[in-house]
Amino acid sequence: MASYDVIIIGGGPGGYVSAIRCAQLGLKTACVEGRETLGGTCLNIGCIPSKALLHASHMLHESQTNFVKMGLKGKSPSVDWPQMLSYKDDVVAQNTKGIEFLFKKNKIDRMKGWGSIPEPGKVQVADEVHEAGSIVIATGSESTSLPGVEIDEKIVVTSTGALALPKVPKKMVVIGAGVIGLELGSVYARLGSEVTVVEFLDAVTPGMDGEIAKTLQRTLKKQGLKFIMGAAVQSVETTKTKAKISYKLRKDDSEHQLDADVVLVATGRKPFTDGLGLAALGVETTPRGQIRTDTHWATNIPGLYAIGDAIEGPMLAHKAEDEGMAVAEVLAGKAGHVNYGVIPAVIYTSPEVASVGKTEEQLKDEGRAYKVGKFPFMGNARAKAMFAGEGFVKILANKETDRILGAHIIGPSAGELIHEICVGMEFGAAAQDIALTCHAHPTLSEAVREAALACGDGAIHA
Ligand code: FAD
Ligand code: NAI
C-alpha cells in the first residue's frame, strides 16, 4: 500500500492536467488510468484523432477546389486511407507519449489499471489498495446510443469506430447533427462518401447561436452533406455489410428508410463512472448520471472531488483541463476558480465555428438590451486571398455599457480568433476596447476588430 496526498482516477485532459498541477504545487500525486495510454478520450479517440483526419481531408478538399485557381497545376492527390489512418495514429502516439514524459518530469506515479473507491480516502487498483488525502474522479464520458440501435463498431459505429473504419464507406448515415456528427460527417464527405445526416431537431448544433447554425448548415450542404431534419430514428437493421435506417418525420409522422454502408451514431455522450463504487459510497449524482459537485468540485463525500465530463457542464477538453488545474489549487489550499461564462466552443468543420458567452437567443430570452456588431469575411482581404470569404464575426454587446456579452464566429481560423474575445471578456472589455486596439494588416483578426467597430460608429470595410 502506498500513501499519497492526491490520487486522481482517470488520465484524460481533466485528470492528467490536474495531476501535473497537483505535483507542481508540491502534492504527492498518483494518477490511475485503465487504458494503455494516457490522454483519455481526447487524445486517444476524440479531439486529436478527429482533428488529424479533419486536417488531412481538408488538405485534399483544398487541393481539389482551390489549387488550380491559384495556378497550382499537376496530378491531384488521391486518398491512401491506410496511410491517412497511420498518420492519425502517429499524431495520437506522439501526444500520448508526451503526457507520459510530463508525468515522469513531474514525478507523478502512474498506476495502470481500473480504479475503484472501496471507502473514503482509499483507491483500489487490481489487488492493491492505496491511501489518499484527497481523491479526484476524472473518469470522463462514453457515447450514448438509441433504443432500437445496436452498436457493433463495424457497420453501426460511435465516433470511436468512425475514427478507424477499414475503408472509406460509399454511403454513410450520421444520426445527430451535433459536433461529432458534423465534424466526422465532413471528414467522410471530403473523402468521397455520400453522407446523410439525420437530426431530431429542426436546426443543427443545438444551443448554438441560430444565425451561425443556419449558415453552417447551408455551407455544409454546399459541400455535399445531405440533411434530414426533424426526424426521429426508429431502428437500424444490419446485414453483414449494410444497414437499413428507419426514421419518422416529426411533422407528419410519415415513415422513411435509408440504406448505408456505415451508420455513425452521434447523439451525445454520458458520464462514465462504472466500477468506481459510487452508489455504495453514497455519492450524489444528477438525473443524467453526472457526479454532483459544489463550486469547488467537492462531492458530498469529504475528500472526494470530481471534474470534467463526469460532472455537469459542457463536455469539452479545455473545460476539463481548467477544472483539473482549479481543483489542484483548491487541494493545495489556494483559491481555484473557473469562469464558466467564458468557455469557448469550437467546431472544426470548414468553415470553423467558434463561440463564447451568450447567444442572441439567450439574450432575447433574458430580456437583455443588446446590440449586434457583424462583419463578413468577404470584407477581409486575407480571407479573400485564402478563398475563405464565407462566414462572419458577430459580437453581442450590452446596449448601454458596450460590454461584450458574447461572440460567434463562422469562418477561417474561427477557433483561433475567438480567444481575443475570451481575453477581452475576462477583463470585462467593451466592444470599443477591441475596436481601439490596433490589429495587424492583413490578418483574419481584422474581421474581429471590424465587428467590434460595427458595435459603435460602424465597420470600415463593410
Ligand atoms: P476523458 O478524456 O474521457 O478521460 C477519462 C479517462 O479516465 C479515460 O482515459 C478512461 O479510460 C479513464 N477511466 C475511466 N474510468 C476509470 C477507472 N475506474 N479507473 C481508471 N481509469 C478510468 N473536446 C474539445 O474540447 N475539443 C474537441 O475538438 C473535441 N473533439 C472530440 C471528438 C470526439 C470524437 C469525442 C468523442 C470527444 C471530443 N471532445 C472534444 C470532448 C473531449 O474529448 C472530452 O470533453 C474530454 O476528453 C473530457 O476529459 P475528461 O478528462 O473529463 O475525460
Ligand atoms: P451533441 O450533443 O453535440 O449532438 C447530438 C445531436 O444528436 C443533437 O443535435 C441532438 O438533437 C441529436 N439527436 C439526439 N437524439 C437523436 C435521435 N434520436 N435522432 C436524431 N438526432 C438525435 O453530441 P455529440 O455530437 O455526440 O458530441 C458529444 C460531445 O462531445 C459534445 O458534448 C461535445 O461537446 C463533445 N465534442 C466536442 C467537439 C469539439 O469541441 N469540437 C468535437 C466532438 C465532440
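Scope of the values below: all heavy atoms of this structure, side chains included, with no hydrogens, waters or symmetry mates. The chain is numbered in sequence order, starting from 1. All ligand and atom numbering here is 1-based and tracks the order in the structure.
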message: Could you tell me, atom by atom, which parts of ligand 1 come under 4.0 Å of a heavy atom of Cys42?
response: 2 (O), 43 (O), 47 (O)

query: Which atoms of ligand 1 sit under 4.0 Å from any heavy atom of Gly12?
result: 2 (O), 4 (O), 6 (C), 51 (O)

- line: A student checking ligand 1 against Ala320 at a 4.0 Å heavy-atom cut-off should list atoms 49 (O), 52 (O)

- request: State which residues pass side-chain hydrogen bond (donor to acceptor under 3.5 Å, both in side chains) with Lys214; sequence neighbours excluded, sorted by chain then number.
  value: none

field: Test item: side-chain donor near acceptor, Thr299 and Glu284, under 3.5 Å
entry: no

query: Counting each atom of ligand 1 from 1 as listed, which ones have a heavy atom of Gly113 under 4.0 Å away?
result: 19 (N), 20 (C)

message: Testing the basics here: between Cys422 and Val356, what is the closest heavy-atom pair and its distance to 0.1 Å?
response: SG-CG2, 3.9 Å

Any N/O pair Thr205/ligand 2 closer than 3.5 Å: no

- line: Paired with Asp261, the side-chain hydrogen bond (donor to acceptor under 3.5 Å, both in side chains) test is passed by just one of Lys171, Lys242, Lys170, namely Lys242

message: I'd like to check the side chain to side chain contact (heavy atoms under 4.5 Å, CB included) partners of Ser186; sequence neighbours left out, ordered by chain and number.
response: Leu54, Arg190, Leu220, Thr349

- prompt: Hey, is Lys51 one of the residues with a heavy atom under 4.0 angstrom from ligand 1?
  reply: yes

query: With distance as the sole criterion, is a donor-acceptor pair present between the side chains of Asn44 and Thr37 under 3.5 Å?
result: yes

query: What are the atoms of ligand 1, with element, lying closer than 4.0 Å to any heavy atom of Ser141?
result: 3 (O)

- prompt: What is the closest protein heavy atom to atom 12 (C) of ligand 1, and at what distance does it sit?
  reply: Glu33 OE1, 3.2 Å

field: Which of the ligand 1 atoms, numbered from 1, are nearer than 4.0 Å to a heavy atom of Leu276
entry: 18 (N)

query: For atom 11 (O) of ligand 2, which protein heavy atom lies nearest, and how many Å away is it?
result: Glu199 OE2, 2.6 Å

message: Checking a contact table here: which protein heavy atom is nearest atom 38 (C) of ligand 1, and how many Å away?
response: Cys47 N, 3.9 Å

- prompt: Is there any N or O on Leu316 that sits under 3.5 Å from an N or O of ligand 2?
  reply: no

- request: Run the contact test for Leu38 against ligand 1 with a 4.0 Å cut-off on heavy atoms, strictly below, and give the result.
  value: no

task: Could you tell me which atoms of ligand 1, counted from 1 in the order shown, lie closer than 4.0 angstrom to a heavy atom of Gly308?
output: 52 (O)

- request: Answer yes or no for Ala310: is there a heavy-atom contact with ligand 1 below 4.0 Å?
  value: no

message: If you define the side chain from C-beta out and look only at heavy atoms, does anything of Thr96 sit under 4.5 Å from Arg35?
response: no

field: Per-atom contacts of ligand 1 with Phe272, taking only distances under 4.0 Å to non-hydrogen atoms
entry: 14 (C), 15 (N)

